[in-house]
2 protein chains.
Amino acid sequence: MERKPAPRPAPVADTQPGPLDRHLRSYAGYNLKRASNIMQSNAARTLEPFGLRITTFSALSVIVDNPDVTQSQLAAGLNMERSNTVLIIDALEEANLIGRFRVPTDRRSYALRATLAGMKRRDAAAKALASAEEERLADLSMEERAQLVDLLRRIDPLD
Amino acid sequence: MERKPAPRPAPVADTQPGPLDRHLRSYAGYNLKRASNIMQSNAARTLEPFGLRITTFSALSVIVDNPDVTQSQLAAGLNMERSNTVLIIDALEEANLIGRFRVPTDRRSYALRATLAGMKRRDAAAKALASAEEERLADLSMEERAQLVDLLRRIDPLD
DNA sequence: CACTATTAGTTATGGAATATAGCTATATGC
DNA sequence: GCATATAGCTATATTCCATAACTAATAGTG
């Protein structure tokens, strides 16, 4: 693809100082995304030694805390499509962290239950994750962290 | 795949009340991700009528504010890989919102400049985006929004 | 100046998250 | 009983993000 030369010599700097994304920084969404990305990659790195990804850890965690939850309930709780839970549940089951059990009263659905290994894995990963977050958020006081979570939850209601 | 029946009848509810993701809600990262997702889909919906996606809007915005920025600088500023900027820049160029201009002093790089149409498109989209955020964050006071942004930026330093 | 290393942009590719449509088996409501 | 809805599953497409490798051009070093 041919491109024209600059019509005039490129100015050395006709832009104000400061970061390139100064305008974007005025959006809450942009800052949210960047902060979220940082915490996500931090979490992924932390969970990896446990053989878990963020999605599998999240599902495992919900199953540990809510024995006999169904896949549909899990999907709804985690804000994901039912179809996308299948492979995640498959992975957890193959790793013997959870089991699928037929529900006598509704043979369409499966009751999901963590195995003992699943509970242990969740607890160990949760501990590591909490301390990784702790480290990442060291610059924020406890009050600030609490306020951050409070503000975020008010953006994402549906308690 | 065959599955075993439940060894005992599924308990009606041996789980505490409340949302399924109660444990996950204790992580800042989880709340960040959920809030971020909401703002992202809100932004995507808002930008769509302008023929922009979040990535193209972000790049366009940086180029408008920083004439003659290079693709590498853009990538660094937006925390993305250089290789992934190419298609985004291609799209903006094909839509005649920006142009690639050879830099006389370094013939490897391109100076990116927004066209008049690009500037107008950015401004219109930015206005829509700001008001969409405004609407989304109506529950938060101005002070709370400012504090949210401040806390987020402290998670993502590098000013 | 020659040679090496580095950089800018590009291309190709793969992984992971996400969204939709359609399928089977089962359950529910009239 | 029959239409409709639901649970789980399969297949598929998209988008985002990351990596590797390539070229052309530049910078550094002897």
Side-chain angles (χ1 to χ4, degrees), chain A residues 1-3 5 10 30 33-34 36-38 40-45 47-48 51-59 63 68-94 98-112, chain B residues 1-3 5 10 29-30 33-34 36-38 40-41 43-45 47-48 52-59 63 68-93 98-112:
Chain A
M1 188 184 286
E2 50 160 334
R3 270 150 206 155
Y30 181 73
K33 182 68 162 33
R34 290 188 66 122
S36 176
N37 282 347
I38 288 175
Q40 290 286 115
S41 62
N42 193 42
R45 217 175 320 122
L47 293 174
E48 203 239 334
L52 297 171
R53 282 171 296 137
I54 291 175
T55 49
T56 49
F57 170 76
S58 301
I63 295 165
D68 289 323
V69 68
T70 68
Q71 294 182 207
S72 290
Q73 291 170 335
L74 177 70
L78 289 178
N79 250 11
M80 58 186 338
E81 296 299 317
R82 262 175 319 156
S83 63
N84 290 328
T85 64
V86 179
L87 295 185
I88 294 170
I89 299 298
D90 282 351
L92 289 173
E93 192 177 32
E94 275 161 34
I98 66 160
R100 278 189 248 232
F101 299 95
R102 281 269 174 220
V103 175
T105 59
D106 186 345
R107 296 171 19 82
R108 288 173 302 180
S109 60
Y110 289 107
L112 305 176
Chain B
M1 187 184 286
E2 50 160 334
R3 270 152 206 154
Y30 182 73
K33 181 66 161 32
R34 291 187 66 121
S36 176
N37 281 349
I38 288 175
Q40 290 285 115
S41 61
R45 218 176 317 122
L47 293 173
E48 204 238 336
L52 296 171
R53 282 171 298 139
I54 291 176
T55 49
T56 50
F57 170 76
S58 302
I63 296 166
D68 288 323
V69 69
T70 67
Q71 293 181 206
S72 290
Q73 291 169 334
L74 178 69
L78 289 177
N79 247 11
M80 59 187 336
E81 295 299 318
R82 262 175 322 163
S83 64
N84 290 328
T85 65
V86 179
L87 295 185
I88 294 170
I89 299 298
D90 283 351
L92 289 173
E93 191 177 33
I98 67 161
R100 277 189 249 230
F101 298 96
R102 281 269 174 220
V103 176
T105 59
D106 187 343
R107 293 170 21 80
R108 287 173 301 181
S109 62
Y110 290 108
L112 305 175

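By convention in this document, chain letters (A, B, ...) are assigned in the order of the sequence lines, proteins followed by strands, and residues within each chain are numbered from 1. Values below: every heavy atom of this structure, side chains too, minus hydrogens, waters and symmetry copies. Keep in mind that this is a model prediction, so the values were computed, not measured.
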Have a look at A:T70 and say if it touches a base, only the backbone sugar-phosphate, or nothing, with a 4.0 Å heavy-atom cut-off.
sugar-phosphate
Any residue meeting side chain to side chain contact (heavy atoms under 4.5 Å, CB included) with B:R53, in chain and number order, not counting sequence neighbours:
B:T55, B:T56
From CG (B:L112) to OG1 (B:T70), nearest 0.5 Å
7.0 Å
Between NZ on residue B:K33 and NZ on residue A:K33, distance to nearest 0.5 Å
9.0 Å
Among A:E93, A:Q71, A:R102, A:R100, find the one that has a side-chain hydrogen bond (donor to acceptor under 3.5 Å, both in side chains) with A:Y110.
A:R102
Give the rounded distance in Å between these two atoms: [atom1] of [X] and [atom2] of [N].
| X | N | atom1 | atom2 | value |
| --- | --- | --- | --- | --- |
| B:R102 | C:dA8 | CZ | P | 14 Å |
| A:Q73 | D:dG8 | CD | P | 8 Å |
| B:R108 | D:dA25 | CZ | P | 10 Å |
| B:L74 | C:dT10 | CG | P | 12 Å |
| A:Q71 | D:dT6 | CD | P | 17 Å |
| B:D90 | C:dG9 | CG | P | 12 Å |
| A:D106 | D:dG8 | CG | C1' | 11 Å |
| A:E93 | D:dC9 | CD | C1' | 13 Å |

Is there a donor and acceptor pair closer than 3.5 Å between the side chain of A:R107 and the base of C:dT26?
no
Are OP1 or OP2 of D:dC9 and a side-chain N or O of A:R100 less than 4.0 angstrom apart?
yes
Considering all heavy atoms, the nearest B:I98-B:I89 contact:
CD1-CG2, 3.7 Å
Could you report the tightest heavy-atom contact between B:L92 and B:A59, atom names first, then the distance?
CD1-CB, 3.9 Å
Set of salt bridge (charged side-chain N to carboxylate O under 4.0 Å, His left out) partners for B:R108, sequence neighbours left out
B:D106
Quick tally for nucleotides 12-23 of chain D: nucleotides whose base has a protein heavy atom under 4.0 Å get B, sugar-phosphate-only ones S, the rest -, giving ----SBBBB---
